[in-house]
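Below: one structure, written as structure tokens.
Both ligands and their constituent atoms are indexed starting at 1 by order of listing.
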Amino acid sequence: MQLATPFTRMKSSFIREILAAAQDPDVISLAGGLPDEKTFPVELLKPTIDQLTSDLNLFQYGPTQGYGQLVGHLNKRYQLPEHHKLLVTTGSQQGLDLIARAFINPGDKVVLEAPSYLGAMQVLNFVQADIVPIAQNVEGPDLNVLEQCFVRHQPKLFYAVPDFHNPTGLSWPLATRQAVAKLCLRYQVTFVEDAPYRPLRFTGDTLPMVSSFCPDQALVLRSFSKIASPGMRVGAVSGPGHWIDPLIKVKQGADLHSSLPIQAMLLGLLEHPGFEQHVANVCQLYRGRYAVLHNALKHLETFGCFTQPIEGGMFVWLTLPECDTFTLAKTLLDQGVATVPSDVFYSGQKGVSALRLNFTNSSPESLKEAVDRMADVIKLL
Ligand SMILES: Cc1ncc(COP(=O)(O)O)c(C=O)c1O
């Protein structure tokens, strides 16, 4: 049987290759985007898990929009306006997929930061969106370029990760957030704000979301993968009700609904008095690891490498002297360090030479050792 057309546009997954090689115990993996499993809040989940079987309704089919009590809790937690709705999804990745399937026709223009989240490019390529890249600077997109892009392409969506971006780790300052919202309102472009790393701030002040400045022109994707567990696969998408309703219809066809027992587990976790402390502990652990990696990477500056400081999240973006980043990543893998080359995060254009480094799932000793191994390779560039 012949594959559907969108498959012909999919790149062979170099990342999957790297992640498979990273299973080797001799390889230090800075490649994945994994939380440290020691942070999984199993103790906080236990009381709810013990209670689960006393509610048989949780083991029945349920509403597509999500487990009612969880939906209610999240509405309050995010202080959604009356006319907004929230849909519980199987990870925030599903939210993105539903948005693409509900709203994008082949050839529709969608603006994406360059570099951008690989999973977003995959989803958008699958619905045959016409991806328009916008370069990402330290302070987010250049606003003049973004405006020209909106005028020229009249895109349907602008998808971005303003908090602790994947892959760069950078966050947009307040002025960028306000200005992007203004442009989205002026040119009627829907802003899709993907915020899986937002709770992982380990320094500086929390900034308002972009969508808070254009609530009726935005859809917001949330994830519990980084503060609860990725294996639970719970996320949410929220926005104006008339945009969430079509997503509910598409989800019905996709999986009827996300697992009710898991949604009940998440609710128990979010309502547990120890939850906020749990998130603070995760941030503290990651702050320490980031500091170790950041300090170690300073030694690579003599070889023309550079990193921007970050305030949270899971990734550091190490820019390099101009090179073939795929070849470099392969050489590093041979030396026992898995990283992700920058090229995979660009859609069809050549980006800067860089590596994405994850610091949340390696011990401080491993992080230092990884940078020592990297130095031996990078000094020869
Ligand atoms: C920017 C971004 N969006 C979405 C996701 C998917 O998250 P989830 O596990 O909630 O599906 C990830 C996962 O790493 C991500 O980096």
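Considering backbone and side-chain atoms together, T90 places no N or O closer than 3.5 Å to any N or O of ligand 1. By the 3.5 Å distance cut-off applied to N or O atoms, Y117 is not counted among the residues near ligand 1.
If you check the side chains of S258 and K251, you find a donor sitting under 3.5 Å from an acceptor. S29 and N361 share no side-chain donor-acceptor pair at under 3.5 Å. In the model, E193 has a side-chain atom that pairs as donor or acceptor with a side-chain atom of S211 under 3.5 Å.
Each of the following atoms of ligand 1 lies closer than 4.0 Å to a heavy atom of P196: 1 (C), 2 (C), 3 (N), 15 (C). The atoms of ligand 1 that sit less than 4.0 Å from any heavy atom of G91 are 10 (O), 11 (O). Within the listing of ligand 1, atoms 8 (P), 9 (O), 10 (O) sit less than 4.0 angstrom from a heavy atom of S225.
Look at E301 and K379 and you find no salt bridge, because none of the NZ, NE, NH1 or NH2 atoms lies under 4.0 Å from a carboxylate O.
Of the candidates M232, R233, M314, K226, it is K226 that places a heavy atom closest to atom 13 (C) of ligand 1.
For the pair R289 and F359, the cation-pi criterion (under 6.0 Å, within 45° of the ring axis) is not fulfilled. By the 6.0 Å and 45° rule, R177 does not stack over the aromatic ring of F213.
The nearest protein atom to atom 1 (C) of ligand 1, hydrogens excluded, is given as D194 OD2, 3.4 Å; this is a heavy-atom distance.
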